[in-house]
Amino acid sequence: MNNNLPWWFHTLALPAVNILLALTACAVVLLVIDVNIVEAARIMFIGALGNQEGIGYTLFYATNFMFTGLAVALAWHAGLFNIGAEGQATLGGLGVAMICATFGDSLPFGLLVILTTLSAAFFGALWAFIPGWLNAYRGSHIVISTIMFNFIASSLLVFLLVNVFRQPDQMAAVSQTFGEQTWLPYLDQLFKFVGGEISRTPLNISFLWAVFCCFLVHYYLFHTRFGYETRGIGFNHRAGAFAGIDKSRVIIVTMALAGALAGFVGLNEIQGSSHQLKVEFVAGYGFAGIAVALIGRNHPLGIIAASILFGALYQGGSELAFNIDRIGNDIVLLIQGLVILFCGALEWMVKPKLIALFSGSPKQPVGDSRG
Amino acid sequence: MLVPALELKDVSKSFDTNEALVSASLSVAPGSIHGVIGENGAGKSTLMQIAYGLEQPDSGVILIDAVRVNLDCPQTAINYGIGMLHQKVSWLDQHTILENIVLGDNIHSYFYQSSIQSEQNLLQLIREYGFSFDLGTKMADLSYGQRQQVDILRALHRGVRVLILDEPMALLSPIESGHLLALFSLLKTQGIAVVIVSHKLIALHQICDIISVVRHGRVSNNIAPKDITLMQLTKLVVGREVIIPHPSQPLNVKRGQRLLRINQLNVQFHRGGKRSKNSIKLSNIDFSVDSGQVVVMVGLPNAGQDELLDIIAGVIAFDSGYLVIGDRRIDSGARYSISDARRNGVSYVPNPMHELGLVSEFSMAESALLGYQNIKRSFFSGFSRQHNFEYCLNLMTQWDIRPAKPDMKSGFFSGGNQQKMVIAREVSRRPTLLLLNQPTHSIDVGGVELIYQHLFELRQQGAAILVASNDLDEVISLADRVIVMHQGEVCAQLSKDQLSKEILGKLMLNGAINE
Amino acid sequence: MAALNNPLVTAVDNFEQWILLLDSTIRIATPLLFAALAGMLSERSGIIDIGLEGKMLVSAFAGAAWAAHSGSPWQAVLVAMAAAMSLSMLHAFACITHKGDQIISGVAINMLALAITAMLGQRLIYQGVLTDDLRLMPLAFPELLPHDDTIVSLIYWQLLSGHNALVYFAFVTVLLLVVFFKFSPLGKRLSAAGENPLALNRSGVSVELTRYLSVLAGGALCGLAGAYLSLGHGAGFVDNMTVGKGFIALAALIFGQWRPVGVMLSCLLFGFLDALSIRMQGIEFFDSGYIIPVQLIEMLPYVLTVLVLAGFIGSSSAPKALGVHDKF
């Protein structure tokens with residue numbers, strides 16, 4: 001019906017309007033709890049982007065969002081709703097921790113990084129492969145099984161922490177701190193190497209890996225026949241079947257790849273920043289990936305931008321919670337929820353009106369509207 | 001002049017920025033059969049949706065018995081005595097006819113309602129109109145035609161006075177249409193108006209008392225068919241003269257090269273679960289198609305044609321017997337997929353094309369590659385977007401697919417252009433065996449002309465073409481040979497000179513010429 | 001960890017321990033049952049409801065807040081229902097009116113519920129424990145049966161009586177829903193909307209309206225689940241007090257095959273597993289030196305649901321049009 005919209009409509013205008021709506025609703029909530037919203041906005045902005053440290057944290061969070069956003073978006077292109085990035089990231093972290101705990105002292109760093117990367121990918125992929133397989137061959141609903149796998153993953157993590165990883169002298173359910181030789185280089189170390197200087201934040205080289213993954217997924221989806229087949233199945237699996245595309249294979253491969261991407265959260269969180277396995281290290285990044293994918297229009301390059309935006313919101317929100325005691329970290333969750341609501345669930349409330357606004361096309365007779 | 005049972009006056013409607021109806025008017029007299037005809041996209045469906053309360057007009061008024069009404073939803077329209085039979089009938093298959101009909105009864109209490117009164121009313125209607133089914137029968141056990149009759153029964157049960165039928169003949173054999181016609185004349189005597197919406201000129205020309213032509217969102221003429229020839233009517237609908245080509249000239253290719261052989265093929269499918277009585281069986285299918293031949297399969301819906309095409313194309317498996325395609329023999333249980341079929345020179349145009357042949361979110365350039373995405377592409381070569389674009393543009397020029405924008409999403413093209421693209425894609429691969437299911441279903445006359453030309457050209461080059469069609473006019477203009485299917489069996493094979501609609505109709509319905 | 005006070009060993013010997021276990025099973029199963037029946041109403045009409053968790057949380061919060069404010073626990077129950085129904089309304093508005101994605105809408109509702117209750121919770125005065133007169137108190141009818149040592153009396157006093165009214169109402173609801181789906185015109189339409197909306201549309205009934213009704217009714221039941229948590233089972237609202245109960249309810253809904261009685265049985269099973277895992281914290285298994293890992297018991301409902309969903313246990317019979325946007 002409408003193909004005469006400017007190119008920036010879907011990529012910029014629509015997400016921007018959605019975010020504005022979400023922020024407005026958020027401002028209303030802040031007003032209700034009696035917070036000065038101008039002051040709040042200033043704290044968030046300065047906190048996220050006002051100084052090197054803020055930017056460092058913003059990009060650190062953005063790294064996680066890129067991985068989980070990709071995990072949701074890639075599956076979306078195959079017509080699958082991957083709500084299980086949370087559990088897949090948990091398993092990925094487990095994979096990283098196992099390698100660090102076992103080979104941390106014995107292997108050279110280069111080899112260790114390769115191993116942890118593979119292990120994060122493998123365990124993340126495993127946690128998505130099973131629901132994928134169950135969907136392809138047993139007809140299980142992918143959303144429900146990935147939700148269930150999130151809970152199974154978190155129980156499994158607690159079980160392993162309590163029974164396997166816990167240090168004898170520790171009360172809390174955390175693993176040992178892995179030796180410094182296993183740590184991923186921080187980005188300021190890299191900068192020092194080339195002669196620059198920035199302040200120390202948890203930002204580490206997995207950020208670069210995340211950006212690279214976005215480009216990799218972009219190439220995969222839009223420039224290879226696997227990507228073509230994936231999208232074909234995702235948009236219209238019946239036509240895909242008549243085109244000779246193996247739907248089961250597409251589902252399983254795509255889910256496994258999505259899980260592997262989510263698993264990389266473990267690299268950033270565990271090998272890059274906290275250097276130990278904790279109970280809730282995934283902290284909702286998997287669910288946030290849904291919001292990121294929505295704002296990024298499920299496009300791998302859009303996800304880079306959306307992740308940085310969410311990184312900034314996350315970091316700004318933490319600053320806000322730190323500075324104003326009426327606000328907790330929940331503010332970030334609120335914004336996420338509102339973004340998902342306006343951008344996803346209520347997509348068709350806003351979109352037609354915007355389309356009508358932006359397309360000033362002349363009227364032309366086109367008939368039968370039968371579905 | 002009688003007061004019109006239903007009248008739409010100066011109705012306009014646009015969707016987004018497109019005008020579907022421009023000040024259209026329609027007046028239906030009680031006790032008449034009123035045809036509404038137009039090409040796809042002319043606006044006839046929108047007009048009917050407004051009359052049934054599914055869409056609200058932007059401007060204009062609706063009058064029932066000269067009283068202005070506001071049809072805000074189908075329920076209101078039903079209460080005013082408007083009934084609609086949709087092209088796609090849908091029922092709760094596991095429930096009885098009675099349960100299905102009372103589901104929509106006006107309810108006084110959400111929590112308890114007796115259906116005894118409805119049942120008595122229905123029994124009386126069944127007697128009055130001579131329907132041949134029992135209220136306790138499960139929906140799943142009825143044939144397509146019977147399901148349509150239940151639809152009419154339901155409309156009568158609700159006191160219908162204007163019955164709108166959307167493409168009622170599209171899926172019916174001439175004989176079942178015959179039953180329908182008898183029913184229409186019975187309805188007429190009761191003063192019930194029947195509105196038939198269709199793009200089938202010939203049928204409407206025969207049965208209607210009056211015809212309205214919808215073109216570009218305007219209702220232009222009210223014509224009595226007896227005052228006008230079919231040719232003139234065609235010109236009114238399409239806007240120009242149309243000649244459907246017939247393959248009159250003898251073929252240059254030497255016959256006898258067997259491109260498809262089906263030998264004693266058997267298969268059984270279960271629809272709606274294993275326990276369902278409603279299973280389709282193909283038994284002892286045995287025929288062949290040679291190069292330079294167009295063979296057309298006809299049969300009632302669900303006689304097994306769709307499944308047979310799917311089997312030949314490798315979409316579904318079969319139980320016993322074998323196929324020979326080119327020089328490759330395929331036994332039951334052999335690994336044979338649609339990709340294998342394509343490698344063997346088989347192309348398949350499934351039905352419905354816009355759902356099974358295209359991905360509407362893909363650009364047309366991407367859709368034009370569907371099914372051939374693996375050909376001549378090495379592992380890392382990726383896609384040459386430039387190559388796909390040019391390939392698609394080429395097809396668009398050859399087949400007059402408009403607008404010629406390969407970057408536009410497939411779904412944005414009109415239905416007819418989507419269908420042409422699917423056929424164009426498959427024909428352009430120069431298959432040795434081309435399978436088509438309902439190639440011109442819901443395509444308008446101009447498009448049909450072009451498709452036939454291309455098919456005959458392919459046949460001239462020595463391809464074998466196997467078509468499934470329910471359109472007897474199409475069967476007669478396309479076929480070198482006709483295979484009639486009846487309840488999963490081939491009941492007759494007819495050569496071109498044996499064809500007539502009467503014979504085909506009898507064979508389709510009964511499986512034999514003599515009852 | 002001596003064998004002396006090993007409750008499992010004693011439990012096997014001691015009938016009373018079993019009764020107590022079943023008693024806490026019922027207490028734990030009640031909110032699950034309300035929420036799962038709420039999900040059933042919505043999903044039988046074709047609308048996926050993964051926002052059960054969020055709706056429970058919001059209604060638990062609203063109920064507690066209103067009880068503290070008004071002093072009437074029964075008013076508070078109504079407010080809790082209204083709170084959950086307003087989220088249901090949002091879900092219906094997004095999914096039915098605007099044909100939005102049902103799962104995305106559910107995710108959003110869960111996130112919003114968690115965030116808003118936490119943010120508003122910090123601002124409200126009632127903080128902390130509700131006194132008894134603000135809660136739904138246990139019902140007991142001592143005149144029915146004397147309190148003595150017989151088994152019947154034990155069962156009556158420990159298991160059957162002494163619950164609040166919502167517990168009994170939950171089980172009555174199951175019965176009502178069985179009748180509703182089997183005999184009422186609305187129940188049949190509701191099932192038709194989930195099985196074959198096109199057929200319902202063809203019979204002239206508004207699929208949208210039918211679905212709105214069922215989603216809202218689901219909201220009301222979900223509100224009871226939340227009210228039970230903060231007014232009955234617990235004493236007041238705690239941040240994220242549902243801790244995944246909404247998802248367990250979802251699991252029970254699937255495990256119970258979208259049927260009232262099946263849903264009730266699976267809620268009781270999952271409630272039992274939960275009650276068991278609470279009693280088994282750090283307990284050795286028959287003196288063998290093995291500690292039964294509580295997390296593995298906690299995992300069971302989810303694992304069982306995955307197995308049911310995959311058709312390894314029974315056959316999964318989801319409504320056919322569940323989550324499908326219909327075109328007419």
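Every chain is numbered from 1 and lettered A, B, ... according to where its sequence line falls, protein lines coming before strand lines. Since the structure is predicted, the reported quantities are computational estimates derived from the model, not experimental observations.
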Give a yes or no on whether a salt bridge exists between A:R231 and B:E361, defined as a side-chain N under 4.0 angstrom from a carboxylate O. no

Looking at every non-hydrogen atom in both residues, tell me the closest pair between A:A239 and B:G357 and how far apart they are. CB-N, 4.4 Å

What distance do A:F235 atom CZ and B:E366 atom CD have between them, rounded to the nearest 0.5 Å? 8.5 Å

Return the set of residues passing salt bridge (charged side-chain N to carboxylate O under 4.0 Å, His left out) with B:E355 (not counting sequence neighbours), or none when no residue passes. A:R238

Working to the nearest 0.5 Å, report the span between NE2 of A:H237 and CG of B:L356. 10.0 Å

Side chain, backbone, both or neither of B:I338 within contact of chain A (heavy atoms, under 4.5 Å): side chain

Report, in residue-number order, which members of residues 241-260 of chain A are under 4.5 Å from chain B by heavy-atom distance. A:A241, A:F242, A:A243, A:G244, A:I245

Taking atom CZ of A:F215 as the centre, report whether more than 12 heavy atoms of other residues, nucleotides or ligands fall under 6.0 Å from it. no

Tell me, for B:D340 versus chain A, whether the close heavy atoms (under 4.5 Å) come from the side chain, the backbone, both or neither. neither

What one should report as the nearest heavy-atom pair of A:N236 and B:L358 is ND2-O, 3.0 Å

